[in-house]
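Note sheet for the following structure.
Count residues from 1 along the sequence.
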Amino acid sequence: MRGLFCDGIKAKNNEEYRVLLKKRQKRMWGLFAVGLLTAALGALLGTLMRGQITERQAGFILGVGTGLSLGSVIEIWILQRKMGSEERLKKERLREVDEREIEVRSRALQATAKLLLAFIYVLMIIGCLFDEEIVGVCILLAGIFMLSFQLFQKYYGKKL
């Protein structure tokens, strides 16, 4: 998910890239902790609030936490492998700073954002026929998306 969760790199050599990968690895450990806490919450809710929430709801929370933990462990392992070999490190660094790759990630992110907004719109139109709460959630999501886009555009306009 490079490009979505990792900002563009400016590493000029393998050592700078290794430092960057170590920072990413620390973020993955943080994500692992969030996953463990979420899984523990799901297990706790399933045990303590047995009558108030369904088994499906508790299982969903437990599953999300487990998936987050396992995904972050896999990413930590991949980052460790990259840092283990100078040849692999150089290959990955050059691939990540390639202007074509950066443009591909940028366009993919733009297309994904457009598609997400289109799906929110369709869900809102269909949802209004069945449940008014879905409409409110869709409007809120679209509003958050648009507002955050505007704020980040201003932030990066000043930063860059």
Side-chain angles (χ1 to χ4, degrees), residues 1-42 59-128 133-160:
M1 304 293 307
R2 194 176 33 234
L4 183 59
F5 296 115
C6 301
D7 20 352
I9 67 165
K10 297 172 178 84
K12 293 174 184 62
N13 57 43
N14 285 357
E15 277 311 305
E16 288 179 13
Y17 187 54
R18 182 174 278 121
V19 168
L20 184 95
L21 291 180
K22 286 181 181 180
K23 287 180 184 178
R24 286 184 188 169
Q25 206 171 30
K26 286 180 184 177
R27 280 187 267 172
M28 287 298 117
W29 280 113
L31 202 57
F32 175 74
V34 169
L36 281 182
L37 288 173
T38 305
L41 176 67
F60 176 79
I61 295 170
L62 180 65
V64 167
T66 302
L68 200 56
S69 295
L70 288 176
S72 56
V73 165
I74 290 169
E75 184 62 24
I76 289 167
W77 177 73
I78 290 170
L79 290 171
Q80 199 65 36
R81 282 195 65 210
K82 285 180 187 178
M83 291 187 285
S85 163
E86 286 297 317
E87 182 180 312
R88 196 177 295 140
L89 193 67
K90 181 179 180 181
K91 180 181 171 188
E92 288 296 319
R93 176 179 57 85
L94 292 176
R95 195 175 96 195
E96 216 169 305
V97 298
D98 181 32
E99 288 184 26
R100 182 183 176 280
E101 285 289 322
I102 292 169
E103 183 65 23
V104 165
R105 286 192 301 264
S106 174
R107 288 186 184 195
L109 193 55
Q110 286 178 0
T112 303
K114 291 172 186 175
L115 187 65
L116 178 65
L117 284 175
F119 273 111
I120 289 173
Y121 174 78
V122 170
L123 180 63
M124 182 175 62
I125 297 303
I126 293 171
C128 78
E133 289 181 18
I134 292 175
V135 175
V137 170
C138 289
I139 289 172
L140 179 67
L141 287 174
I144 290 171
F145 184 89
M146 296 297 191
L147 179 64
S148 64
F149 178 75
Q150 292 296 320
L151 292 174
F152 284 126
Q153 194 172 22
K154 287 183 183 197
Y155 171 76
Y156 286 115
K158 290 178 183 176
K159 186 176 180 183
L160 302 177

**Q.** Point-to-point distance, once rounded to the nearest 0.5 Å, from OG1 of T66 to CD1 of I61
**A.** 11.5 Å
Q) About how many Å separate CG of L20 and CG of N14, when rounded to the nearest 0.5 Å? A) 12.0 Å
Q. How far does OH of Y121 sit from CD1 of I126, to the nearest 0.5 angstrom?
A. 10.5 Å
Q. CZ of R105 to CD of Q110: how many Å apart, nearest 0.5 Å?
A. 13.5 Å
Q) Salt bridge check: are E96 and R93 linked by an N-O gap of less than 4.0 Å? A) no
Q | Heavy-atom closest contact (G127 atom, I134 atom, distance) | A | CA-CG2, 3.9 Å
Q.
Please find the pair of heavy atoms, one from R88 and one from R81, that lie closest to each other, and give the distance.
A. NH1-O, 2.8 Å
Q) Thinking salt bridges, do R95 and E92 make one under a 4.0 Å N-O criterion? A) yes
Q: Check step by step if salt bridge (charged side-chain N to carboxylate O under 4.0 Å, His left out) holds for E15 and R18.
A: CA-CA 5 Å; E15 277 311 305; R18 182 174 278 121; 2.6 Å; yes
Q | Donor-acceptor contact below 3.5 Å, side chain S72 vs main chain W29 | A | no
Q.
Would you say CD of Q153 has more than 12 non-hydrogen atoms from neighbouring residues, nucleotides or ligands within 6.0 angstrom?
A. yes
Q | L21 CG to I78 CD1 distance, which is reported to the nearest 0.5 Å | A | 11.5 Å
**Q.** Distance in Å, Y17 OH paired with L89 CG, rounded so as to fall on 0.5 Å steps
**A.** 7.0 Å
Q | Closest approach of S69 to G35 (non-hydrogen atoms, all atoms of both residues) | A | OG-C, 3.1 Å
**Q.** Flag side-chain contact, heavy atom, 4.5 Å: M28 against L31
**A.** yes
Q. Side chain to side chain contact (heavy atoms under 4.5 Å, CB included) between L116 and I120: does it pass, once the steps are laid out?
A. CA-CA 6 Å; L116 178 65; I120 289 173; 4.2 Å; yes
